[in-house]
Amino acid sequence: VTADLGYGMTLVALGLAVYGGLAAGLGARTGRLALVESAQHAAVGVFVLVTSCFALLTYAFLTFDFSVRYVATNTNLGTPFYYRITGVWGALEGSIILWSWMLALYTIILIVRHRVGARELYPWALATMLGILAFFLLVMTVAAPPFQRQVPVPPDGRGLNPLLEDTGMITHPVALYLGFTGFTVPFAFAMAALITGRIGDTWLALTRRWTIVAWYFLSLGLLIGGWWSYHVLGWGGYWAWDPVENAAFMPWLTGTAFLHSVMIQERRRMLRLWNISLVILTFGLTLFGTFLTRSGVIASVHAFTQGSIGMLFLSFLALVLLTALGLVAWRWETFRSEGELDSVVSRESAFLLNNVLLIAAAFTVFFGTVFPLLSEAVRGVKVSVGAPFFNQVNVPLFLSLVFLMGVGPLIAWRRASLENLRRNFLWPVALGIVAAAAAFALGVRSLLAALTFATTVFVAVTIGLDFTRATRARVRLGESILPAMGGLLLRHNRRYGGFIVHLGILIIALGVMGSHAWSVQTETTLHRGETAELAGYRFRFDGLTAVEESNHFKVIGAFTVSNGKVLGVLRPAKKFYPQEQAPIAYVDYRLGLREDIYLVLGDFARDGSQATVKLQVNRLVSWIWIGGLVLTLGALLAILPERHKSA
Amino acid sequence: MNRRRKFIVGGVVIAAALGYMIYAGVTQSAVYFVTPAELQAAPVPGKAYRLGGMVVPGSLKWEPRSLDLSFTLSDGTATVPVRHKGTPPDLFGEGRGAVLEGNWTADGYFKATLIMAKHSEEYKAPHDGNRAGYRELIKTLRGDGR
């Protein structure tokens with residue numbers, strides 16, 4: 001019954017979305033407001049229905065309703081309450097529901113926010129949103145139906161993928177999908193701009209904050225993904241250049257490019273075509289990512305259910321791109337920009353270069369990810385490129401991007417004079433060089449590390465310089481220091497939010513560099529009471545214990561860690577799930593600002609007399625999470641409504 | 001015009017640099033996916049490969065004290081002896097699929113530096129060892145889809 005009810009609601013929602021899309025489009029064409037209003041009602045209906053579907057599925061999970069196949073395959077009687085809720089989006093079908101629900105939610109917000117005030121663009125944007133929503137509902141009915149009957153009803157379910165039994169799994173997909181779907185709104189307005197021929201700045205102004213919101217969630221999703229990988233997967237890393245990670249990283253790169261190029265259009269009326277293209281590209285990449293991960297064309301360590309859904313996404317992607325490019329071609333004449341670049345040394349060129357580098361990075365990631373497909377198509381052999389390729393090509397790009405983070409916000413518009421350059425960059429450059437020299441004096445011998453230090457210090461000083469100058473200017477006008485600072489942050493929240501995001505990126509860059517350059521690890525087998533040593537720490541194996549949890553069996557090793565004095569006992573474990581053929585590692589760690597101690601239990605003797613353990617001392621990794629926090633705070637500040645209204 | 005030329009030159013330089021970096025990256029880190037049969041047909045010592053197949057039941061030896069792992073990988077037609085230093089990953093075992101990264105040594109074995117156990121939900125290891133089963137396995141390992 002549950003399955004049929006859910007399926008029925010999905011069908012009705014699909015019908016309503018198709019109707020609403022057509023009505024909004026027709027209403028926009030003919031100017032009949034009644035049709036647009038009717039489309040709004042349809043959108044509300046879709047939202048209510050998708051919400052009900054989601055609630056129904058959650059209820060089925062909570063009540064162990066194994067007559068629904070999706071519930072039976074992704075939960076069992078032992079699954080704890082908490083993970084029965086997150087299990088709802090633990091696999092393909094549920095994540096499509098989540099995706100559709102977010103799209104429906106965004107559609108409602110779009111209606112609320114833009115119904116009045118964006119007369120020309122709004123109906124077309126609504127039509128686009130509903131069209132995309134209809135596609136996802138179509139996927140929900142034909143390719144990945146969450147509501148399918150399971151006959152006969154099994155007494156118990158198969159259980160959730162144990163790797164997903166983690167708090168990161170609640171937030172990671174939610175944030176990531178909020179990011180993915182968030183880019184649909186700027187895309188919808190870009191389409192509206194193309195259709196109406198109003199490719200000026202209105203659509204940009206309307207979608208500014210939408211873009212920052214989408215970017216914020218996408219960044220958050222990527223960061224949580226890295227954290228999940230680090231503390232669940234047990235290989236001691238946070239990023240593996242896996243196709244699935246790349247799929248989420250590509251739209252982040254193009255989205256970041258868009259976030260920056262928008263500023264040039266706002267200020268100088270340039271790059272209209274470029275901005276429209278970036279939005280199309282970013283939205284296209286979110287679909288491409290789903291195609292990539294769900295079609296099975298690329299082997300990935302992430303085990304995802306595969307099926308016809310890949311082809312469906314590819315077809316939709318083709319449709320979207322062809323339509324978008326067709327519209328661009330149709331409006332080609334209107335794209336002549338009003339402004340022009342005045343000088344190579346100017347803020348415009350710095351931003352342009354930032355865009356070119358971000359796109360180059362996105363292309364590199366794309367190229368490396370689909371390389372096996374290319375090589376097979378061209379030469380008939382399957383050749384893949386791994387992490388070394390991505391690191392080798394991207395590190396120079398990212399380092400240059402970090403450098404530009406210092407240049408872009410301070411260099412003058414149009415044409416920077418020597419005086420402007422000297423005033424803004426003399427101190428930062430000097431201190432950057434001092435930092436590199438200091439690092440060298442302290443024994444850092446890696447060129448990459450020295451360069452990273454120099455660039456991050458350079459950028460940090462530019463930010464500090466700008467902020468002090470602005471504060472001093474306000475103090476001179478009679479404000480006291482703290483209110484002056486607060487006022488700056490709140491009144492120019494976009495600019496300073498951006499600066500804080502940049503600071504976050506700097507911290508992350510240092511963490512990434514440090515963990516790559518200075519982490520050490522070893523693997524060893526210890527008898528009970530025996531000790532191993534790594535990087536000044538001693539690890540004593542104290543024995544094994546076994547525990548029975550609600551849905552699995554756990555073997556826990558105890559290792560006393562000391563460096564002269566005892567620091568504590570770490571307990572890495574192995575979890576045995578009845579539905580899985582092999583155990584899953586459960587890592588234990590002691591996080592620190594300087595270094596993390598990270599233990600993974602390997603093989604062990606059944607009597608507990610010996611155990612193999614992987615010992616890692618990972619340097620500076622914590623700064624990645626700290627930087628991530630700073631970054632998200634900055635993004636939040638930038639999302640706040642803009643207070644000051646001046647050119 | 002001069003300004004325009006500067007931008008064009010800049011663009012060309014960036015594109016060329018990127019092209020070169022990608023080319024160099026690919027030639028340095030390209031790894032060929034081979035099956036045991038393909039590897040045995042033309043083994044090149046020292047060359048990096050990604051080797052996919054099934055761990056032959058009864059071939060797995062694990063020495064915890066020295067961390068020596070050895071087993072035989074098969075694709076139904078040919079077998080390759082493999083050695084590795086370190087604990088096998090979760091989900092790795094006899095009769096299961098695995099993808100190895102490493103290189104062929106002049107001493108006649110494959111030295112694996114990385115072992116990836118393959119554990120896609122749909123894939124079931126072919127227990128009877130028939131050809132069709134192995135073909136399915138290789139397809140899954142290479143990521144050709146269903």
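Note on naming: letters A, B, ... go to the chains in the order of the sequence lines (proteins, then strands), and numbering restarts at 1 for each one.
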A.B. asks: Where does B/Ile22 contact chain A at under 4.5 Å (heavy atoms): side chain, backbone, both or neither?
C.D. replies: both

A.B. asks: Scan residues 102-117 of chain B for pairs that pass side chain to side chain donor-acceptor pair (under 3.5 Å), counting only residues two or more places apart or in two chains.
C.D. replies: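 Those involving residues 102-117 of chain B do not exist here.
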
A.B. asks: Decide if atom OH of A/Tyr586 counts as having more than 12 heavy atoms of other residues, nucleotides or ligands within a radius under 6.0 Å.
C.D. replies: no

A.B. asks: Between B/Ala24, B/Ala48, B/Gly86, B/Gly10, which shows the greatest number of heavy-atom pairs under 4.5 Å with chain A?
C.D. replies: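 Of the options given, most contacts go to B/Gly86.
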
A.B. asks: So, for B/Ala30 and A/Val385, which heavy atoms are closest and what is the spacing to 0.1 Å?
C.D. replies: CA-CG1, 4.1 Å

A.B. asks: Counting only N and O atoms by type, is there a donor-acceptor contact under 3.5 Å from the side chain of B/Arg50 to the main-chain atoms of A/Ser384?
C.D. replies: no

A.B. asks: Show, in sequence, the C-alpha distance, side-chain angles and deciding distance for B/Thr87 and A/Val613, and conclude whether the side-chain contact (heavy atoms from CB on, under 4.5 Å) test is met.
C.D. replies: CA-CA 8 Å; B/Thr87 324; A/Val613 64; over 6 Å; no

A.B. asks: Check whether any side-chain N or O of B/Gln28 sits under 3.5 Å from a backbone N or O of A/Phe389 as a donor-acceptor pair, and report yes or no.
C.D. replies: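 Such a contact is absent between B/Gln28 side chain and A/Phe389 backbone.
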
A.B. asks: Checking B/Phe7 against chain A: side chain, backbone, both or neither under 4.5 Å from a heavy atom?
C.D. replies: side chain

A.B. asks: Quick one: do A/Glu530 and B/Arg65 make a salt bridge, cutoff under 4.0 Å?
C.D. replies: yes

A.B. asks: As an exercise: rank A/Glu523, A/Lys574, A/Lys614, A/Gln392 by heavy-atom pairs under 4.5 Å with chain B and give me the winner.
C.D. replies: A/Glu523

A.B. asks: For B/Lys85, I'd like to know if atom NZ has over 12 heavy atoms of other residues, nucleotides or ligands within 6.0 Å.
C.D. replies: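 Above 12, so yes.
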
A.B. asks: Give the member of B/Ala17, B/Pro88, B/Pro64, B/Gly25 that has the highest number of heavy-atom pairs under 4.5 Å with chain A.
C.D. replies: B/Pro64

A.B. asks: State, with a plain yes or no, whether a side-chain heavy atom of B/Phe33 is found less than 4.5 Å away from one of A/Val383.
C.D. replies: no

A.B. asks: OH/B/Tyr32 to OG/A/Ser375 distance, rounded to the nearest 0.5 angstrom?
C.D. replies: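 With rounding to 0.5 Å, OH (B/Tyr32) is 8.0 Å from OG (A/Ser375).
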
A.B. asks: Which distance, rounded to the nearest 0.5 Å, do you find between the CG of B/Leu67 and the OG1 of A/Thr612?
C.D. replies: 6.0 Å

A.B. asks: Evaluate whether atom CZ of B/Arg83 has more than 12 neighbouring non-hydrogen atoms of other residues, nucleotides or ligands under 6.0 angstrom away.
C.D. replies: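 12 or below, so no.
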
A.B. asks: From B/Ile14 CD1 over to A/Leu397 CG, what is the distance, rounded to the nearest 0.5 angstrom?
C.D. replies: 9.5 Å

